[in-house]
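Okay, structure first, notes after.
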Protein chains: 4
Amino acid sequence: MARPLSEAKREAILAAACKLVAEHGTGAPTAKIAREARLAEGTLFTYFASKDELLNQLYLELKTDFAKLTVPSYPSNGSVRDRFEHFWNGFIDWGAKHPVKRKALRQLAVSDRITQETRDKSAIAFAEISALFEQGHRDGVLKDQPQSFIGTVLDALGTMTLDLIAQEPSQHEHYRKAGFSVFWDGISA
Amino acid sequence: MARPLSEAKREAILAAACKLVAEHGTGAPTAKIAREARLAEGTLFTYFASKDELLNQLYLELKTDFAKLTVPSYPSNGSVRDRFEHFWNGFIDWGAKHPVKRKALRQLAVSDRITQETRDKSAIAFAEISALFEQGHRDGVLKDQPQSFIGTVLDALGTMTLDLIAQEPSQHEHYRKAGFSVFWDGISA
Amino acid sequence: MARPLSEAKREAILAAACKLVAEHGTGAPTAKIAREARLAEGTLFTYFASKDELLNQLYLELKTDFAKLTVPSYPSNGSVRDRFEHFWNGFIDWGAKHPVKRKALRQLAVSDRITQETRDKSAIAFAEISALFEQGHRDGVLKDQPQSFIGTVLDALGTMTLDLIAQEPSQHEHYRKAGFSVFWDGISA
Amino acid sequence: MARPLSEAKREAILAAACKLVAEHGTGAPTAKIAREARLAEGTLFTYFASKDELLNQLYLELKTDFAKLTVPSYPSNGSVRDRFEHFWNGFIDWGAKHPVKRKALRQLAVSDRITQETRDKSAIAFAEISALFEQGHRDGVLKDQPQSFIGTVLDALGTMTLDLIAQEPSQHEHYRKAGFSVFWDGISA
DNA sequence: GATGAATGAGAATTCATTCAT
DNA sequence: GATGAATGAATTCTCATTCAT
């Protein structure tokens, strides 16, 4: 290869796309994304074959990024409730710290340009918390529902909590706690 | 008057917009919306001055439609829990019956073309359930959180439940019940 | 005829067209013209078969109106110079009094929607000052040029003078006099 | 740079716009202008951000082009009258040689799409003949009027002369001479 | 690989004109 | 005759993508 694709440029494009999709939805023009990334219009297409591919990659990147920062750190000892709360707090703090990424994710989530394949792949990133769910079931502290159901509740209430925090940042801790209370009381047996 | 503006046509446009926005987001072309409504391209603009106005009206219409069908029927006697459940069931059944309207509403909700004014107006449609929240507080059966917080939880879990039903229509009743269980346990004191 | 066309409406349309063409050129929409005339969009077309016809009629009307108010009053005795000056003053005062009509006329004059036929017809309205030109020639006070040339000089300098007055209305009399001085010194032998 | 903006294409667009504006006024469609310039519709907008900008640039270009060809060549010795006549002849010959440019200029001059800023800028191009006006005043050969007035007379009579020549090209020299006679006799003391 | 000019298929919107009422 | 809704071609401008440099 004469000159390898630069990872830095790839990430600059994704970062730019994230910002513009958050602000203007998936209709954000590729030309603006390229400019925001300080690249020429055409260069974007050597890194992503099409806008759809860029959007799908971005979705994946954001989901993975979120999983990476949230999942690994939770304490493997402690009660199931504590571990869920630890996870919840990571979830909320990540989202509150990266409002732009969250907004972009919301836009992408409702777009028909994100394929089912991409959505499926992104779910894998969360596979690692499965262990937590399983233990919860074994211990009988969770309602008798499939993991996917509880995961969905988590996502819905987490998203909601982040929206509330986005509107009133000063109430960050209050909403984080209130949200977890609803979550835990809602899903525990 | 030569020919009065036809309410039927206005509604045909809204119905067409609903369908296409549900499928393709707010980027759905006005020309396609008009064709779907069996009208000429230009006619759309005698009913709605601009695409933005159409989108905002559609949002309002869907929210109001939803409120109209859901809100009024709940029994004014019975326990707070029963009344919440009755409301929840109306919410879920409406959404399950009108998946297209729901999808359109989700698209519109994240679009920056829906003004704050429109969002505020649409909130008024739900004013009538306030009484239910208030009684819940007076009776001490709800957690000590502002109405808006509980309303948001309701919306988040309701949306989630509808998404689950959309994926597995045969599990309609199961998810409706499971969703309410999470909701009630999550918000009751 | 069940109901004869109303002369008042015809004139309302012409007046409205005059105003809007003056402001926005011949691109002024017929719908706006109709509204300005307090008529329905369609009504305009029972008075004028097409926009082009309206524009041509307007051109003719304005030219004729101008001729009617300017031409007839000049004194048939007096020197050729005095009579020219009298005519000039009528010309300028009409134009200064009707700036909207003048602006409309300028827009129409450069438009390719005004046919040669209309332009020719409008020239006829000025036939009556021919006598003045002829006498001027006979008396040898005018340069040896065809009437049309001197008429054109008159039009050019008159238009110029009116533009200057439009810019500085307070200098009306000054410019009227200065303009005539250029005209007369320019065309007299 | 990948491919630099081509000056040739810019000029092709201006030339095409000139031709079509001369023929059909400022309403000439950008699509036709692009086609006339043998470019794709969209390409026009990489050279001019909007139709208004194109129109304003065209106005400026034509005025400047005219000034460049007319102004510089006049002899700095000789009588004021001779120098004015030299200038006049340049003016007329340019206009007669470029009837399309002249027609376009007339259309643009009455259009409200040409901003005051553009008009002011274009006036600067003529700053160089100021010296001629000033000397004329010092020598007392001109009527006691501001430069702008005499400049306006020049423009009005020049335009008129060119219109006459456009109608009868064979009389070019006759009208050029007759026009100057009116101008000089009209403005000299 | 990087650049950005070139492309042309849409996009929203306007408008002269027609015609049902 | 009057009305104004209906029409759809035309208009300006945008944008994903290509490709010459």
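Numbered from 1 within each chain, the chains take letters A, B, ... in sequence-line order.
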Practice problem: Identify which nucleotide among E/dG8, F/dT12, F/dA2 has an atom closest to any side-chain atom of D/A40, counting heavy atoms from C-beta outward. | Solution: E/dG8

Self-check item: Given DNA chain E, 5'-ward residue of the pair C/A49 and B/T26, judged by closest heavy atom
Solution: B/T26

Exercise. Please determine, for the side chain of B/L5, which listed nucleotide (F/dA5, E/dT13, E/dG10) has the closest atom?
Key: F/dA5

Quiz item: For D/T46 and E/dA5, is the shortest distance between a side-chain N/O and OP1 or OP2 below 4.0 Å?
Solution: no

Quiz item: Whole Å only: how far is the CD1 atom of C/I13 from the P atom of E/dT17?
Solution: 14 Å

Quiz item: Does a side-chain N-to-carboxylate-O contact under 4.0 Å join A/E61 and A/R10?
Solution: yes

Exercise. Please state how far atom CG in C/L44 lies from atom C1' in E/dT18, giving the value in whole angstrom units.
Key: 14 Å

Quiz prompt | Separation of E/dA9 C1' from D/F45 CZ (nearest whole Å) | solution = 15 Å

Quiz item: Counting any heavy atom closer than 4.0 Å, what does D/A28 reach on the DNA or RNA strands: base, sugar-phosphate only, or nothing?
Solution: sugar-phosphate

Self-check item: Nearest to side-chain heavy atoms of C/K9, which nucleotide of F/dA2, F/dT3, F/dA10
Solution: F/dA2

Quiz item: Choosing from E/dG10, F/dT3, F/dA6, which nucleotide comes nearest the side chain of C/L39?
Solution: F/dT3

Practice problem: Rounded off to whole Å, could you give me the CD-to-P distance for the D/E53 and F/dC13 pair? | Solution: 10 Å

Quiz item: Roughly, in whole Å, what's the span from CG in A/L20 to P in F/dC15?
Solution: 12 Å

Quiz item: Between E/dT3, E/dA12, F/dT17, which nucleotide gets closest to the side-chain atoms of B/K51?
Solution: E/dA12

Quiz item: What nucleic acid atoms does A/A34 come within less than 4.0 Å of, heavy atoms only: base, sugar-phosphate, or nothing?
Solution: nothing

Quiz prompt | Side-chain N,O (D/T43) to OP1/OP2 (E/dT7) below 4.0 Å | solution = yes

Quiz prompt | Partner of D/R113 by side-chain hydrogen bond (donor to acceptor under 3.5 Å, both in side chains), out of D/T26, D/D52, D/T118 | solution = D/D52

Quiz item: Does A/T30 make a side-chain N or O approach to OP1 or OP2 of F/dC15 shorter than 4.0 Å?
Solution: no

Quiz item: Does atom CD of C/E117 have more than 12 heavy-atom neighbours from other groups under 6.0 Å away?
Solution: no

Quiz prompt | Side chain to side chain, D/T46 and D/L5, heavy atoms closer than 4.5 Å | solution = yes

Exercise. Just name whichever nucleotide pairs with E/dA5, Watson-Crick or G-U, keeping both distances under 3.5 Å, else none.
Key: F/dT18

Practice problem: Using whole Å, report how far CG of B/L55 lies from P of E/dA11. | Solution: 15 Å

Practice problem: Quick one: label B/Y47 by what it contacts on the DNA or RNA (base, sugar-phosphate, nothing), any heavy atom closer than 4.0 Å. | Solution: sugar-phosphate

Quiz item: Given atom CD of C/E7 and atom P of F/dG1, what is their separation to the nearest angstrom?
Solution: 14 Å

Quiz prompt | Shortest side-chain distance from C/P29, nucleotide among E/dA16, E/dA12, F/dT3 | solution = E/dA16

Practice problem: Measure the shortest side-chain to side-chain distance between A/S122 and A/T64 over non-hydrogen atoms and say whether it is less than 4.5 angstrom. | Solution: no

Quiz item: Would A/Y47 and A/K9 satisfy side-chain contact (heavy atoms from CB on, under 4.5 Å), going step by step from the backbone distance to the final call?
Solution: CA-CA 8 Å; A/Y47 287 84; A/K9 280 179 192 163; 3.6 Å; yes

Self-check item: D/G27 vs B/G42, nearer the 5' end of DNA chain F by closest nucleotide
Solution: B/G42

Quiz item: Separation of C/I33 atom CD1 from F/dG4 atom P, in whole Å?
Solution: 17 Å

Self-check item: Closest-nucleotide ordering on DNA chain F, the 5'-leading residue of B/R38 and A/K32
Solution: B/R38

Exercise. Go through F/dC13, F/dT3, F/dG8 for me and flag the one nearest to the B/E41 side chain.
Key: F/dG8

